[in-house]
Each structure stands twice: as structure tokens, then as C-alpha cells.
Amino acid sequence: QVQLVESGGGLVQAGGSLRLSCGASGRTLRSYAMGWFRQVPGKEREFVAAISWSGGSTYYADSVKGRFTISRDNAKNTVYLQMNSLKPEDTAVYYCAARIRGVIATTTGEYDYWGQGTQVTVSS
């Protein structure tokens, strides 16, 4: 079993930056692909970014491409989402997810473990 815990959310003004972290306990994430998703009330959870087990491949939703960067430090068992040039429409609960298969995936059903989420609010 893998327990994922997100941190780093908060309130920021438009144009600002935040860095989210996702730590794991119970098992190393070294062989897992990792993803970030987000959800606003009344809408489905949507894909934001993903990274392969090695960190060699990344993939982003068009809405965040060029502004967000996903990375991982397998030695620290942690995955990061650096968010720059934040917009009010980025406001959501952000979730970290782990996929046993180490290749990138973009849909919620392809991930095996989920964190509880961290709130990101971007004011205009």
C-alpha cells in the first residue's frame, strides 16, 4: 500500500507561484509513474501533468504547458509540481497520484493510489 500526502497549497495572487510536493510512505515511488490532477466543485477531476518512473518523460495538459513543471526526486521519494504564472482558473484541489506501471498516463482510472489533495486558490 502507498500513502500519498500533498503539501504546498495555499492562496496566491494571479501571476504568482507555488510549488506542490507529494511525499509517500509505505513504499518507494521509484518504479511508479506519477501524476498531478485537479478538481473544482461540480466538475470531473482533470489531468494536469505526469512524469515517468525515471523522470525521463513528462507530459502536460495544454492549459498548463509552459507554466507548470513536474519533477521528481526518487532519493527523497517525492514528486513536485512547480506552478508559475498562476491564473484564477488554476484554482482547484490538486491531487497527487501514483501508477504502478511506470509509463505516463493521463486518465484517473489508470492510477492506482491517490492523495487527499491540497487546495490552491489564485486570486485576481
Side-chain angles (χ1 to χ4, degrees):
Q1 191 73 10
V2 174
Q3 289 81 42
L4 302 175
V5 178
E6 303 93 337
S7 62
L11 174 64
V12 64
Q13 288 189 331
S17 298
L18 283 175
R19 188 176 81 156
L20 305 183
S21 298
C22 174
S25 61
R27 191 169 295 182
T28 177
L29 296 176
R30 189 178 301 273
S31 63
Y32 289 66
M34 300 297 296
W36 286 96
F37 290 75
R38 65 188 182 187
Q39 189 171 23
V40 298
K43 292 191 175 182
E44 293 188 353
R45 196 167 295 187
E46 68 171 4
F47 170 76
V48 175
I51 189 166
S52 63
W53 70 273
S54 66
S57 297
T58 57
Y59 190 77
Y60 298 91
D62 287 343
S63 58
V64 307
K65 202 172 295 183
R67 300 187 298 120
F68 291 10
T69 302
I70 188 171
S71 62
R72 66 190 301 160
D73 185 339
N74 284 340
K76 294 183 177 180
N77 220 27
T78 302
V79 178
Y80 305 97
L81 185 68
Q82 178 66 44
M83 305 186 295
N84 299 328
S85 302
L86 282 161
K87 305 175 181 180
E89 51 264 43
D90 294 319
T91 296
V93 177
Y94 283 72
Y95 296 89
C96 171
R99 184 171 193 240
I100 294 174
R101 288 192 66 191
V103 294
I104 287 173
T106 61
T107 63
T108 57
E110 295 177 283
Y111 285 82
D112 302 286
Y113 301 103
W114 292 85
Q116 294 299 306
T118 185
Q119 176 70 48
V120 171
T121 303
V122 184
S123 64
S124 57

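Position 1 is the first residue of the sequence; numbering continues from there. Quick caveat: nothing in here was measured; it's all calculated off a predicted structure.
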Result block: side-chain N/O donor-acceptor pairs under 3.5 angstrom for residues 8-20, not counting sequence neighbours:
| from | atom 1 | to | atom 2 | distance (Å) |
| --- | --- | --- | --- | --- |
| Ser17 | OG | Asn84 | OD1 | 2.9 |

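- In the hydrophobic clustering of ILVMFWY residues, with side-chain heavy atoms under 4.5 Å counting as a link, Ile51 and Phe68 come out together.
- Every residue two or more places apart in sequence or in another chain that forms a side chain to side chain contact (heavy atoms under 4.5 Å, CB included) with Ser54 is listed here: Ser52.
- Rounding to the nearest 0.5 angstrom, the gap separating the OG atom in Ser71 from the OH atom in Tyr80 is 7.0 Å.
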Do any side-chain atoms of residues 43-50 form donor-acceptor pairs under 3.5 angstrom with protein atoms, and if so which ones, sequence neighbours left out?
| from | atom 1 | to | atom 2 | distance (Å) |
| --- | --- | --- | --- | --- |
| Arg45 | NE | Gln39 | OE1 | 3.1 |
| Arg45 | NH2 | Gln39 | OE1 | 3.3 |
| Glu46 | OE2 | Arg38 | NE | 2.6 |
| Glu46 | OE2 | Arg38 | NH2 | 3.2 |

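- Across Ser21 and Trp36, no two heavy atoms sit closer than the pair O-CH2, 3.7 Å.
- Applying the ring-ring contact (aromatic ring centres under 6.0 Å, His included) rule to pairs touching residues 92-119 yields Phe37-Tyr111, Phe37-Trp114, sequence neighbours excluded.
- Not a single donor-acceptor pair under 3.5 Å links the side chain of Gln116 to the backbone N or O of Glu6.
- The closest side-chain heavy-atom distance from Val2 to Tyr32 is below 4.5 Å.
- For Thr121, the side chain to side chain donor-acceptor pair (under 3.5 Å) test picks out Gln119, with sequence neighbours left out.
- Note that CD of Glu89 and OG of Ser124 are 10.0 Å apart. Values are rounded to the nearest 0.5 Å.
- The shortest distance between side-chain heavy atoms of Ile70 and Tyr60 falls below 4.5 Å.
- Considering every non-hydrogen atom in both Arg30 and Arg72, the closest pair reads O-NH2, 4.2 Å.
- Note that the OG1 atom of Thr58 and the NZ atom of Lys65 stand 10.0 Å from one another [nearest 0.5 Å].
- Considering CG of Asn74 and CE of Met34, their distance stands at 9.5 Å, rounded to 0.5 Å.
- For Ala98 against Leu4, the heavy-atom pair with the smallest separation is N-CD1, 3.7 Å.
- Not counting sequence neighbours, the partners of Arg67 by the side chain to side chain contact (heavy atoms under 4.5 Å, CB included) test are Val64, Ser85, Lys87, Asp90.
- Atom OG1 of residue Thr78 and atom CG of residue Asp73 lie 6.5 Å apart, to the nearest 0.5 angstrom.
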